Amino acid sequence: MLALCLFFAVSAKSQLLAAGEDFKTYYSKGIYYVNLYSKNPAPQLLSNAKEAFEKALELEPKNKDVYIYLAITAEFAGRVSEAEKHYKQAIELDKNNFVAYNNLGNVFIKQKRNDEALAAYDTAIKIKPDNYSPVLGKANAYDNMGRTEDALIEYKKAAELSPDNCIVYTEMGLCYANSKNYKSALEAYDKALSLQPNYAKAVYERISVLNELKEYSKALDAAEDAIERFPHFLDGYFYKTGILIVGFNKQKEAIKFLNENAARLSQHKNFYYYMGMAYMDLGNNKKCVENYTKAINLEKNVTYYINRSACLSKMGKDEEAFKDYQQITALTPDNAPVYYNMAEVQLFKGNTDDALKYLQTFLSKVVRPSMPAADYKAWSKKIKKYKKQPTAGEIQKIIDTLNKI
């Protein structure tokens, strides 16, 4: 049966343009490719689907369902602007199109246009008030906006509309976790898993919450269970590694575990992230730098630069550390502590003007709760009084005092 399906997937493309100008043929083939993609996400299937739907649209240019499927195809392909256009075209043809409004809300969420998402979901709710999906969408939009109370109201409404839906409880758990209500998050994940024990997202988010609650033994058991149940997912392996390092201080065991699974994990940035973390804790700065460099080659991540710069600094490689600090400020311009580190490097090099400049930037960006207001005002005033050519001793005094705060 599988061989027959694969043969059809290959032969259907060659027959696509020879099928004759029959709307149903093109439309059915488009749906076929979309459904096949959901089981086997090969990009060519989306190209095939788009071509089929566009041919169908040439024959029935006012068919709202074709626009819906064109939007879904674009959304699968990550072309959210194109998906938005097609959903709006479907709405133009049918002002009460529930699917178009609901999915348009999802597209707005992906674009972080939460206010527009709320409006789309509200319209979908008016069309089908008993459907949980737009209610869940509203909850996610509120959660993205930091409106936790509003989000939880909507999550609970969604749970009432779809009480056996594990996705609703999982998203509710994420909302609780985002607001650091980890006990309620754990309850929500447990509820989700009671409904669907193999829902991987709930499994992994539950491990994350157990970590936050510092229930490391339970978290480790859950991670090992996840590895056994979902051996092809990498999350469980990395959760276990992090728990060994942070929860149990077993860096050498973590390194051994990573090396044992290197064939499966070494193409992923987290392999090098956790390897670097373990070596940093062990004081092996050279190995730490090597691994964070490999992680950075896979993704320019602020955390990787911060950790690598710390090891470079310990190795006395201040010039290289300074280059990492510059990368950090490029990625996160409001990262106050890095400007402080840059000031220390410049002071060490004898560049007092630059050291003062970075200290002033540090104070302009520092989060007030991290420094008492009186101290902030006092040191801001002291730094401002130095215009040009402050002495190294004056700058060092500022740094030494700020270190004590």
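Any value given below was found using the heavy atoms of this structure, including those in side chains, with hydrogens, waters and symmetry copies removed. These numbers were taken from a predicted model, which means no experiment stands behind them.
Here the closest non-hydrogen pair linking Gly276 and Cys288 is O-SG, 3.7 Å. In terms of heavy-atom proximity, Ala90 sits nearest to Ala100 at CB-CB, 4.2 Å. Residues Asn131 and Leu161 approach most closely at O-CD1, 3.9 Å, considering heavy atoms. Closest heavy-atom contact between Ile306 and Ile328: CG1-CD1, 3.6 Å. Between Ala222 and Arg206, the shortest heavy-atom contact is CB-NH1, 4.1 Å. Heavy atoms only, all atoms of each residue included: Tyr37 and Pro43 are closest at CE1-N, 4.4 Å.
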Query - Candidate pair Tyr237 and Asn261, rule side-chain hydrogen bond (donor to acceptor under 3.5 Å, both in side chains), full reasoning - result: CA-CA 9 Å; Tyr237 296 90; Asn261 293 280; 4.8 Å; no
**Report entry** Step-by-step side-chain hydrogen bond (donor to acceptor under 3.5 Å, both in side chains) determination, Asn249 to Gln251
**Finding:** CA-CA 6 Å; Asn249 213 27; Gln251 287 80 5; 2.7 Å; yes
Query raised in the report: Could you go step by step and tell me if Tyr101 and Asp122 meet the side-chain hydrogen bond (donor to acceptor under 3.5 Å, both in side chains) rule?
Result: CA-CA 9 Å; Tyr101 279 111; Asp122 279 336; over 6 Å; no
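With no hydrogens or angles considered, no side-chain donor-acceptor pair links Asn114 and Tyr142 at under 3.5 Å. Between Tyr87 and Glu75, the side chains place a donor N or O and an acceptor N or O closer than 3.5 Å (distance only, hydrogens not considered). Counting only N and O atoms by type, the side chains of Asp235 and Tyr204 include no donor and acceptor under 3.5 Å apart. The closest side-chain donor-acceptor pair between Asn165 and Tyr132 falls under 3.5 angstrom. A donor-acceptor pair shorter than 3.5 Å can be found between the side chains of Asn140 and Tyr155.
A salt bridge links Glu171 with Lys201: at least one charged nitrogen is closer than 4.0 Å to a carboxylate oxygen. Salt-bridge annotation for Lys156 and Glu160: absent, with no side-chain N of the basic residue lying under 4.0 Å from a carboxylate O of the acidic one. Under the 4.0 Å criterion applied to side-chain N and carboxylate O atoms, Lys349 and Glu319 are assigned as salt-bridge partners.
Note on ring orientation: taking the six-membered ring where Trp is involved, the planes of Tyr325 and Phe322 are perpendicular (angle over 60°, cut-offs 30° and 60°). Ring orientation note: the planes of Phe238 and His268 are tilted relative to one another, at an angle of 30° to 60°.
Between the side chain of Asn178 and the backbone N or O of Leu174 there is at least one donor-acceptor pair closer than 3.5 Å. Ser313 places no side-chain N or O within 3.5 Å of a backbone atom of Ser309 that could act as its donor or acceptor partner. Under a 3.5 Å cut-off, the side chain of Tyr272 and the backbone N or O of Glu290 do not form any donor-acceptor pair. Judged purely by atom type and a 3.5 angstrom limit, Tyr67 has no side-chain atom pairing as donor or acceptor with the backbone of Lys62. Under the 3.5 Å distance criterion, the side-chain polar atoms of Ser266 are left unmatched by any main-chain donor or acceptor of Ala263.
In this structure, Lys191 satisfies the cation-pi test against Tyr169, with its NZ or CZ atom closer than 6.0 Å to the six-membered ring centre and inside 45 degrees of the ring normal. Geometrically, Lys240 engages Phe257 in a cation-pi contact defined by less than 6.0 Å to the ring centre and at most 45° from the axis.
Using a 4.5 Å heavy-atom cutoff, the side chains of Met277 and Thr241 are not in contact.
Other residues, nucleotides and ligands contribute over 12 non-hydrogen atoms within 6.0 Å of the CZ atom of Phe248. Annotation: Lys88, atom NZ; neighbour count of heavy atoms from other residues, nucleotides and ligands within 6.0 Å is above 12.
Tested against Arg308, the residues Asn291, Asn285, Thr293 include a single side-chain hydrogen bond (donor to acceptor under 3.5 Å, both in side chains) partner, Thr293.
Residue Tyr69 holds its OH atom at 15.0 Å from CG of Leu57, rounded to the nearest 0.5 Å. Between the CD1 atom of Ile245 and the OH atom of Tyr274 there is a distance of 7.5 Å, given to the nearest 0.5 Å.
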